[in-house]
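Below is one structure, written out as structure tokens; the observations come after it.
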Amino acid sequence: MKNTIADLVKHAVKTLVAAGRLPAGLPEPEISRSRQEGHGDFSTNFALAAAKAAGRPPRTVAADLAAAMGGSDLIDRVELAGPGFLNFFLKPRAFQQIVRDILAQGNDYGRQTPRSHKVLLEFVSANPNGPLHVGHGRGAAYGDSLGRLLSWAGYEVVREYYVNDAGRQMDILALSVWVRYMQVRGHALDVPENGYRGAYVGAIARTLADVAGAGLERAPQDILVAPPGLEADVIMDVRIERLKEALGAHYETLHGHGLKAMLADIRDDLADFGVHYDRWYSERTLMQSGAVERAMERLRASGDLYEDQGAQWFRATRYGDEKDRVVVRENGVTTYFASDIAYHLEKCERGFDTLIDVWGADHHGYVPRVKGALAALGHDPARLEVLLVQFAILYRAGVRAQMSTRSGDFVTLRELRAEVGNDAARFFYVLRKSEQHMDFDLDLAKSQSNDNPVYYVQYAHARVCSVFRQLAERGLPVPDYTTVDLEWLTAPEEWALQKALARFVDVLTEAAEVREPHQIAYYLRDLAAHLHAYYNAHTFLGAEAPLRAARLALIAAARQVLANGLAILGVSAPESM
RNA sequence: GCGCCCGUAGCUCAAUGGAUAGAGCAACGGCCUUCUAAGCCGUUGGUUGCAGGUUCGAUUCCUGCCGGGCGUGCCA
């Protein structure tokens, strides 16, 4: 709808330029939705923006523009206001057409025509060394909603989860599982302080004991050594090395068991949350395929790699990073960053127009080096959009809760979902702008109270469903939406509801553009408010036939847009509550 | 120290550089003989952290302070 108005204004500007009333080369006119009733439905500040270039006062430019607008079957009238705004008042017919479109297109209303723009969306990608916690939940809800939103906006979206199944953190998990396994087998060992201590480690150990029997038992004193004078991290490395030596080929059994168990857990958790991926991309597979070496070779060839202190460094400072970064350690092992370079190179080569990474805000310092690597490899770093999701700070009983995977002291996403429900959790998460720090009040979220805005929106949907159930019970006919006369809709609440419906596509398009699914959530709340106000002010079934038909068409349209909007957020639209 | 994010009503948060900064919760007062009261209507609530600057116009952009979060690994 906004675009339609924009086209009319652009045409008028073109006419004025051709007539010599305005200079050429003016900025594109911008159309915005009026916030206030008295300012019409849309407005443009074009005259204010063009006044200087035109060398005339804004109001005279605006008057010219208004005169050049000509007639339209959408616009009722144009008013010149304030310092030079042009306000457009639309005809009822414009909104009635929206209602008809919604009812005709149903579940697809709002879906934009495909635009042949391929997006690779990577999100969550949490290390598989523990269950997802509520912090990951925010990334999951945001990333998934963004994916759905982009699809609705016409983008071709591929969703990916990058699995960090190589590296030290996974070795630490393996060691932690092994210790618990030994406990299961009757050995009295303590879990190392800097190992993973959560209860899930014990669960993995028990299933490991079931399949491996005594096969992985080794003398603890050979492995859990504690050489004096070494830092905890170094001791951990020594122990991992000892464990690998002691287990030999069986280490893979241990490592693989932990990995498989965690991945399955994460995958199920996300699936239950309504989050699905097209591909789970394994870092180990990437390394084994030689892609990492190939990427390093290309950097070496372009002179972006150098050796220092026995390690290989990527010359990140050449591309705006604050320091150079190690890609191959002194011991010859590539770093996580090296894998990530290869992964992002591979993403580029798969032919996506845009790469979107959703990261936790703690990784923000990582952005320049990845973009730098892409630049070094001859790809435009602007193709990579890194969207940072700020931490959710948890409060339990008014006290800030700790979030540590290591200690196992955290609230899992699964726990949250069980207590709050998927719908409330998703809506709650996505109600905040991603880069906004978020206070997550667990007691409030878990309280199942009416404070949670998701019920407000869902209730609006359920209410309309209820009206249609009553309609059937009273033996009244469902109106034919193709012939219904919407001119009967004249009440202020009806007018307001139609206008709210007309905003949907504009909101969707804009939200996708700026990667902000929260705009959908706020829109839905606003739409629901109009529906509730309407519901309370008028009866639908009690009205005379033609008016009843028109009203039913309107609320049916509202129900449809509520359902479609909720679908974008991955939230259900219940028929009764 | 340096870098990134944030600072808006008592609380949690919105607001493509636009006109009188908005919701929810909390507080207060009304509305169920009628399609679901998980709802509606109304009232109260603000120096947009502070100080400058750019602009016809700044919550929004720039600079400097203040406060909070995160980062600043040959961890991932």
Side-chain angles (χ1 to χ4, degrees), chain A residues 2 30-36 38-39 43 45 48-49 51-52 57-58 81-85 87 125-127 129 164 166-170 172 233 283 308-313 321-323 325-331 333-337 339-340 360-368 388 390-391 393 428 431-433 435-441 444 448-460 462-471 473-474 506 510 513-514 518-519 521-522 525-526 528-529 531-543 551-552 555 576-577:
Chain A
K2 189 171 169 176
E30 285 182 25
I31 308 298
S32 58
R33 196 169 285 275
S34 303
R35 286 184 186 174
Q36 285 176 62
H39 295 159
S43 67
N45 63 349
L48 288 159
K52 189 170 277 183
F85 291 104
N87 295 331
S125 297
N127 290 347
N129 51 24
N164 296 131
R168 185 167 178 273
Q169 298 301 327
M170 288 308 298
I172 295 175
D233 269 1
E283 182 188 2
D308 187 39
Q309 297 167 23
Q312 302 275 328
W313 299 71
D321 199 359
E322 27 181 56
K323 53 203 280 195
R325 310 291 177 176
V326 170
V327 285
V328 184
R329 301 185 183 93
E330 204 175 352
N331 63 10
V333 179
T334 53
T335 60
Y336 168 81
F337 178 44
S339 298
D340 228 6
D362 54 333
H363 285 62
H364 66 78
Y366 201 76
V367 178
L388 299 172
Q390 289 292 333
F391 279 8
I393 302 168
F428 201 94
L431 199 55
R432 271 97 179 126
K433 199 152 98 178
E435 64 260 36
Q436 176 69 252
H437 296 273
M438 168 180 178
D439 284 352
F440 201 117
D441 185 334
L444 177 69
Q448 195 78 309
S449 77
N450 308 330
D451 299 346
N452 205 316
V454 71
Y455 298 124
Y456 184 80
V457 177
Q458 289 181 321
Y459 184 46
R463 267 185 151 175
V464 177
C465 292
S466 179
V467 171
F468 278 90
R469 278 194 299 273
Q470 284 290 320
L471 181 75
E473 277 177 31
R474 296 185 192 185
D506 292 344
E510 173 67 17
E513 198 75 28
V514 295
H518 77 275
Q519 290 194 23
Y522 277 91
R525 213 161 62 167
D526 183 62
L531 191 282
H532 286 309
Y534 184 31
Y535 184 98
N536 277 279
H538 301 277
T539 54
F540 310 129
L541 300 181
R551 286 181 170 175
L552 288 173
I555 62 173
S576 67
M577 289 175 73

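All chains are named by letter (A, B, ...) in the order of the sequence lines, taking the proteins before the strands, and each is independently numbered beginning at 1.
- Taking the nucleotide of RNA chain B with the nearest heavy atom to each of A:Gln470 and A:Arg325, the more 5' of the two is matched to A:Gln470.
- Checking the phosphate oxygens (OP1, OP2) of B:rA76, a side-chain nitrogen or oxygen of A:Arg329 falls inside 4.0 Å.
- Listed pair A:Lys323 / B:rG73 meets the phosphate criterion, a side-chain N or O lying under 4.0 Å from OP1 or OP2.
- Separating the NE2 atom of A:His39 from the P atom of B:rU16 is a distance of 18 Å, rounded to the nearest angstrom.
- Judged by atom type and distance alone, A:Ser32 reaches the base of B:rU16 through a side-chain donor-acceptor pair under 3.5 Å.
- In this structure, A:Arg463 satisfies the cation-pi test against A:Tyr535, with its NZ or CZ atom closer than 6.0 Å to the six-membered ring centre and inside 45 degrees of the ring normal.
- Checked against B:rC40, B:rG18, B:rC13, the side chain of A:Tyr456 finds its nearest nucleotide in B:rC40.
- Not a single donor-acceptor pair, N or O on each side, falls under 3.5 Å between the base of B:rG7 and the side chain of A:His437.
- Judged by atom type and distance alone, A:Asn45 reaches the base of B:rG18 through a side-chain donor-acceptor pair under 3.5 Å.
- Of all nucleotides present, none satisfies the Watson-Crick or G-U wobble test against B:rU55 with each distance under 3.5 Å.
- Here the closest heavy-atom approach between residue A:Gln169 and residue A:Asn127 is recorded as CG-ND2, 4.3 Å.
- Ring-base stacking between A:Phe540 and B:rC35 is satisfied, the centre separation being under 5.5 Å and the plane angle under 30°.
- Look at A:Lys433 and you'll find a side-chain N or O under 4.0 angstrom from OP1 or OP2 of B:rA15.
- Comparing the same atom, C1', in B:rA21 and in B:rU60 gives a spacing of 12 Å after rounding to whole Å.
- Atom CZ in A:Arg35 sits roughly 10 Å away from atom P in B:rA15 (whole-Å rounding).
- Distances shorter than 4.0 Å separate none of the side-chain N or O atoms of A:Gln390 from OP1 or OP2 on B:rC4.
- Counting to the nearest Å, the P atom of B:rU34 and the OH atom of A:Tyr535 are 11 Å from each other.
- Under the Watson-Crick or G-U wobble criterion, with both distances below 3.5 Å, B:rC4 is paired with B:rG69.
- Contact check, A:Arg463 against B:rG39: no side-chain N or O comes under 4.0 Å of OP1 or OP2.
- Across all non-hydrogen atoms, the minimal contact from A:Arg551 to A:Thr539 is NH1-O, 3.0 Å.
- The main-chain N or O of A:Ala81 is never found under 3.5 Å from a side-chain atom of A:His39 such that the two would form a donor-acceptor pair.
- Residue-to-nucleotide contacts include no donor-acceptor pair under 3.5 Å from the side chain of A:Thr335 to the base of B:rA76.
- Look at CZ on A:Phe337: it is 12 Å from P on B:rC74, rounded to the nearest Å.
- The separation between A:Arg525 atom CZ and B:rG22 atom C1' is 10 Å, rounded to whole Å.
- Within 3.5 Å, no donor on the side chain of A:His518 pairs with an acceptor on the base of B:rC13, nor the reverse.
- The ring of A:Tyr522 does not lie on top of the base of B:rA14; it is either too far (5.5 Å or more) or too tilted (30° or more).
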request  = Test A:Thr335 against A:Arg329 for side chain to side chain contact (heavy atoms under 4.5 Å, CB included), laying out the working first.
outcome  = CA-CA 7 Å; A:Thr335 60; A:Arg329 301 185 183 93; 3.9 Å; yes

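- Between A:Tyr366 and A:Tyr336, the ring planes are tilted. Angles from 30° to 60° get that label.
- Look at the C1' atom in both B:rA51 and B:rA58: the space between them is 15 Å, to the nearest Å.
- For B:rG3, the base has a donor-acceptor partner in the side chain of A:His364 [N/O atoms by modelled type, under 3.5 angstrom].
- Comparing B:rC74, B:rU72, B:rA76 by their nearest atom to the side chain of A:Gln169 picks out B:rA76.
- Remark: B:rA14 base-pairs with no nucleotide; criterion is Watson-Crick or G-U wobble with both hydrogen-bond distances under 3.5 Å.
- To the nearest 0.5 Å, the span separating CG on A:Leu531 from CG on A:Asp526 amounts to 11.5 Å.
- Atom CG of A:Leu552 is separated from atom C1' of B:rC35 by 10 Å (rounded to the nearest Å).
- Nucleotides B:rG46 and B:rA14 place their C1' atoms 15 Å apart, quoted to the nearest Å.
- Shown here, B:rG42 forms a base pair with B:rC28; the pair counts as Watson-Crick or G-U wobble because both key distances fall under 3.5 Å.
- Between A:Asn164 and A:Ser34, the residue whose closest nucleotide on RNA chain B is further toward the 5' end is A:Ser34.
- Taking 4.0 angstrom as the limit, A:Gln436 places a side-chain polar atom (N or O) nearer than this to OP1 or OP2 of B:rG7.
- Nucleotide B:rC74 forms no Watson-Crick or G-U wobble pair with any nucleotide shown, as no partner meets the under 3.5 Å limit on both distances.
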